[in-house]
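To keep things clear, I will list the structure first and then write my remarks on it.
Start at 1 and go down the list; that is how both ligands and their atoms are numbered.
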Amino acid sequence: MTLSPESKEVIAATLPAVGAAIGDITPLFYKKMFAEHPELERDLFNRGNQKQGEQQKALAGSIAAFATLQLDPDPARVEAILSRVAHKHASLGIKPDEYWIVHKHLFEAIVEVLGAAVTPEVAKAWDELYWLMANTLIALEADLYKAAGVEVGEVWRTVRVAERVYQSADTVSFVLTSLDGAPLPTFRPGQYLSVGVKLPDGARQIRQYSLSNAPSQGDWRITVKRLAASTSPDGTVIPAGEVSNFLFENLFEGDELQVTTPFGDLVLTDEDTPLFLASAGIGCTPMIGMLSHLAEVGDQRPISVLHADRSAANHAHRNELSTLVEKIPSADVYRWYEDLGARQPLETIRVGRADITDLPLDPKTHAYLCGPLPFMLSLREALIERNVPAENIHYEVFGPDSWAPAGA
Ligand code: HEM
């Protein structure tokens with residue numbers, strides 16, 4: 001599916017104007033959509049992201065990137081952008097009908113911001129672009145639902161907390177099992193599920209958590225980090241971790257929880273190349289899941305594992321990481337702590353920020369990154385400097401991804 005030649009011409013002529021105004025269009029779009037559908041803001045969208053404007057940036061960025069890629073085609077980039085969004089949508093149970101709601105309010109916002117510049121010809125071209133993107137997403141999402149063995153959008157189930165374990169002072173893991181004891185559906189190491197909780201004010205908020213166990217175990221394990229509120233330069237308190245903190249404080253063994261079938265496109269390659277798994281902070285969770293799997297299947301690829309954290313005490317799954325790496329003869333682990341406390345650095349436990357300059361690294365390596373954006377960006381740069389091709393560098397952003405559309 002591609003744009004018609006007439007629409008392509010109009011998009012090319014109007015993309016600079018729409019691109020420049022998109023920062024005004026998307027907040028207005030959400031405002032209009034939530035005014036007519038308050039239930040979407042309360043029960044589907046992440047209201048924390050809305051407050052911080054992150055979701056607006058991700059949506060605007062993906063539309064602008066998709067439009068640009070229609071004019072200057074790069075199928076691999078289109079696939080990368082849409083695949084992440086489709087997995088996220090599937091994990092939320094988004095259904096085709098909902099694309100009409102987004103369409104209505106997005107186009108009202110476009111007309112309101114751009115005014116008379118939106119001639120019928122311009123409206124028609126952008127309409128075509130919207131549906132090209134929407135229909136591609138709908139088709140990808142249909143495939144994901146089918147592969148997961150569920151009806152379109154029917155991804156939610158109730159599970160029970162079988163185990164709750166502190167993995168560091170501010171993280172806990174929850175092992176989730178089915179209510180009837182039957183094994184839960186399998187997943188691919190690196191995938192995540194959505195958790196939906198009813199908060200004290202009545203809102204049902206949803207967040208995604210990576211699975212931190214191996215798929216063969218028949219249950220699912222997630223690890224949740226308690227987050228502290230931060231203060232902006234003008235003194236406003238920005239609440240953080242609304243759902244994570246709720247789970248941390250209220251979810252215990254025997255409790256039931258609403259979760260979805262696992263989705264997510266950050267999964268281990270089958271290629272027989274060396275692997276580099278790098279995480280910082282709570283970004284360790286997909287890596288622990290991947291390593292559990294690699295240890296279980298006796299994988300023989302050379303594996304370098306890197307983890308960066310504030311201190312050993314802050315490092316979630318610290319001992320499990322060492323145990324897993326010991327089980328894989330071809331794996332080595334390097335840890336960086338900003339604060340080593342009273343301990344002396346070792347070859348494999350270093351002080352400061354992660355630095356891969358002197359680590360052994362084969363240019364054929366497939367690298368998997370998960371952690372804060374600055375951590376991933378600096379590692380990506382360093383990997384490229386060490387001749388690892390950009391297409392071998394895979395990453396997971398916790399939260400809306402405003403990195404991929406930007407073309408990193
Ligand atoms: C997430 C784009 C349609 C609901 C996202 C993200 C993007 C995006 C880029 C962020 C993904 C990430 O990096 O995490 C689009 C585009 C659409 C579309 C381009 C139309 C062509 C819809 C529809 C719905 C929806 C129809 C349902 C009403 C959501 C929700 C999230 C999301 C709930 C999770 C983010 C959050 O809650 O903050 N979408 N989307 N989207 N989308 Fe869509």
Side-chain angles (χ1 to χ4, degrees), residues 1 18 22 25-27 29-30 32-34 36-70 77-78 80-107 109-110 126-142 144 152-153 155-156 191-197 203-210 241-243 260 263-266 370 373 376 395-408:
M1 275 192 291
V18 175
I22 211 146
I25 293 169
T26 39
F29 146 66
Y30 279 110
K32 286 174 168 294
M33 183 167 77
F34 293 151
E36 205 168 299
H37 294 277
E39 75 287 357
L40 291 181
E41 184 172 28
R42 195 184 57 228
D43 296 339
L44 178 64
F45 280 83
N46 173 337
R47 60 185 178 183
N49 287 342
Q50 289 294 326
K51 274 193 202 115
Q52 292 169 16
E54 285 305 309
Q55 171 60 16
Q56 278 100 319
K57 269 192 246 158
L59 180 101
S62 75
I63 294 176
F66 186 76
T68 311
L69 289 165
Q70 291 307 308
R77 290 230 7 92
V78 174
I81 293 172
L82 295 187
S83 164
R84 176 173 163 105
V85 179
H87 277 272
K88 182 64 83 69
H89 281 170
S91 161
L92 291 154
I94 304 295
K95 294 185 177 165
D97 280 0
E98 289 169 318
Y99 281 86
W100 287 99
I101 303 176
V102 167
H103 176 267
K104 173 173 186 266
H105 299 287
L106 186 60
F107 278 76
I110 292 176
W126 282 91
D127 203 63
E128 197 183 321
L129 182 97
Y130 174 85
W131 283 114
L132 183 60
M133 192 170 187
N135 285 329
T136 314
L137 284 170
I138 291 169
L140 288 171
E141 287 152 25
L144 291 173
V152 169
V155 293
W156 290 96
Q191 291 195 305
Y192 54 78
L193 48 73
S194 290
V195 171
V197 290
R204 192 272 307 249
Q205 283 284 292
I206 305 173
R207 300 293 184 270
Q208 288 71 43
Y209 295 93
S210 293
E242 206 174 16
V243 173
T260 65
F263 291 98
D265 64 344
L266 180 91
C370 188
L373 263 186
M376 294 199 287
Y395 64 92
E396 183 66 275
V397 178
F398 286 168
D401 181 8
S402 42
W403 183 17

- Item | Option of least heavy-atom distance to atom 11 (C) of ligand 1 (set: Q208, H105, K88) | K88

- Task: Check each heavy atom of I94 against ligand 1 and say whether those closer than 4.0 Å belong to the side chain, the backbone, both or neither.
- Result: side chain

- Atoms of ligand 1 close to V85 [distance to a heavy atom under 4.0 angstrom, numbered from 1]: 2 (C), 7 (C), 8 (C), 9 (C), 39 (N)

- Query: Quick one: which ligand 1 atoms are inside 4.0 Å of a heavy atom on N46?
  - Reply: 36 (C), 37 (O), 38 (O)

- Just wondering, do L82 and M133 contact through their side chains at under 4.5 Å, heavy atoms? yes

- Would you please test H89 and Y99 for side-chain contact (heavy atoms from CB on, under 4.5 Å) and show each step? CA-CA 11 Å; H89 281 170; Y99 281 86; 3.1 Å; yes

- Give yes if a backbone or side-chain nitrogen or oxygen of S62 is under 3.5 Å from a nitrogen or oxygen of ligand 1, and no if not. no

- Task: For Q205 and R47, indicate whether the former's side chain and the latter's backbone hold a donor-acceptor pair under 3.5 Å.
- Result: yes

- Task: With side-chain contact (heavy atoms from CB on, under 4.5 Å) as the test, would you mind laying out the steps for L106 and W126 before giving the verdict?
- Result: CA-CA 11 Å; L106 186 60; W126 282 91; over 6 Å; no

- State whether the shortest distance between N or O atoms of Y130 and N or O atoms of ligand 1 falls below 3.5 angstrom. no

- Query: For Y99 and ligand 1, does the shortest N/O to N/O distance drop below 3.5 Å?
  - Reply: no

- Any donor and acceptor pair, going by atom type alone, linking the side chain of T260 with main-chain N or O of S194 inside 3.5 Å? yes

- With atom 33 (C) of ligand 1 as the reference point, say which of V102, N135, L92, I101 has the nearest heavy atom. L92

- Item | N or O pair under 3.5 Å between R84 and ligand 1 | yes

- Which one of L44, L82, L59, L106 has a non-hydrogen atom at the shortest distance from atom 15 (C) of ligand 1? L59

- Partners of K95 by salt bridge (Lys or Arg N to Asp or Glu O under 4.0 Å), sequence neighbours excluded? E154

- Item | I206/N46 under side-chain contact (heavy atoms from CB on, under 4.5 Å): CA gap, chis, key distance, verdict | CA-CA 7 Å; I206 305 173; N46 173 337; over 6 Å; no

- Note on the structure: A student checking ligand 1 against M133 at a 4.0 Å heavy-atom cut-off should list atoms 19 (C)

- Message: Could you walk me through whether Y192 and K88 satisfy the side-chain contact (heavy atoms from CB on, under 4.5 Å) test, starting with their C-alpha distance in whole Å, then the side-chain angles of each, then the deciding distance to 0.1 Å, before giving a yes or no?
- Response: CA-CA 9 Å; Y192 54 78; K88 182 64 83 69; 3.9 Å; yes

